[in-house]
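Inspection log for the structure reproduced underneath, given as structure tokens.
Reckoned from all heavy atoms, side chains included, excluding hydrogens, waters and symmetry mates. When a ligand or atom number is given, it counts from 1 through the structure's own listing order.
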Amino acid sequence: MSDKPGTGTDRRDFLLKLGTGAGIAAITVQAGASMRSLVPNVSYDSPTTVKLGPTSEFPEGLKFLPDERLFVFRDGNTFHAVSAVCTHLGCTVHAEPLANPQTVDDDGAAVKLTHRFLCPCHGSRYRGDGANVSGPAPKPLAWFRLSLAPDDGQLVVDLADAVEHDFRLTVG
Ligand code: FES
């Protein structure tokens, strides 16, 4: 007994091909996923190390860098950097010069305070060394490591490297 066209054999062939195709597709997807797991994830986020410019462009006192949301302080040939990112919900704090600069003991380090910081969003206030003194801010402003670029001597900040308040970069 033979199948008529469009019945038994054709249907079996069709189902066989369909099953084979689905199997190949499943294996291909699985193989692709397996191969992808062998490739390391690459981060295309912006680097955390940023060149800020030659030290000659930093005046005595404070300079605000809006792109990095950073305050860079210069005291003669020493530099340190304080984050302008409020520790409450991340608004940018403003610097306000003190009428009477003072020196305070900050965990054993003498820090000259020339400014204080105010957050415009919910009113947090910080001392010039970044210590939170009032408002909802839960912790001090971060300090970040500064260094000099080996190739051109520019000031460099590492926004992923928080440092203690006794950190200073001294340039020659
Ligand atoms: S974000 Fe600064 S006080 Fe809320």
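Checked against the 6.0 Å centroid criterion, the rings of H80 and F73 qualify as a close aromatic pair. In this structure, F144 has its ring center at least 6.0 angstrom away from the ring center of F167.
Within a 6.0 Å radius of CD in E164, other residues, nucleotides and ligands contribute 12 heavy atoms or fewer.
Distances under 2.8 Å from atom 4 (Fe) of ligand 1 pick out the protein N/O/S atoms H88 ND1, H122 ND1.
Side chains of R116 and L98 form a contact here, defined as non-hydrogen atoms less than 4.5 Å apart. By the 4.5 Å heavy-atom criterion applied to side chains, V133 and Y126 are not counted as neighbours.
Salt bridge status for K112 with D129: absent, with no side-chain N to carboxylate O gap under 4.0 Å.
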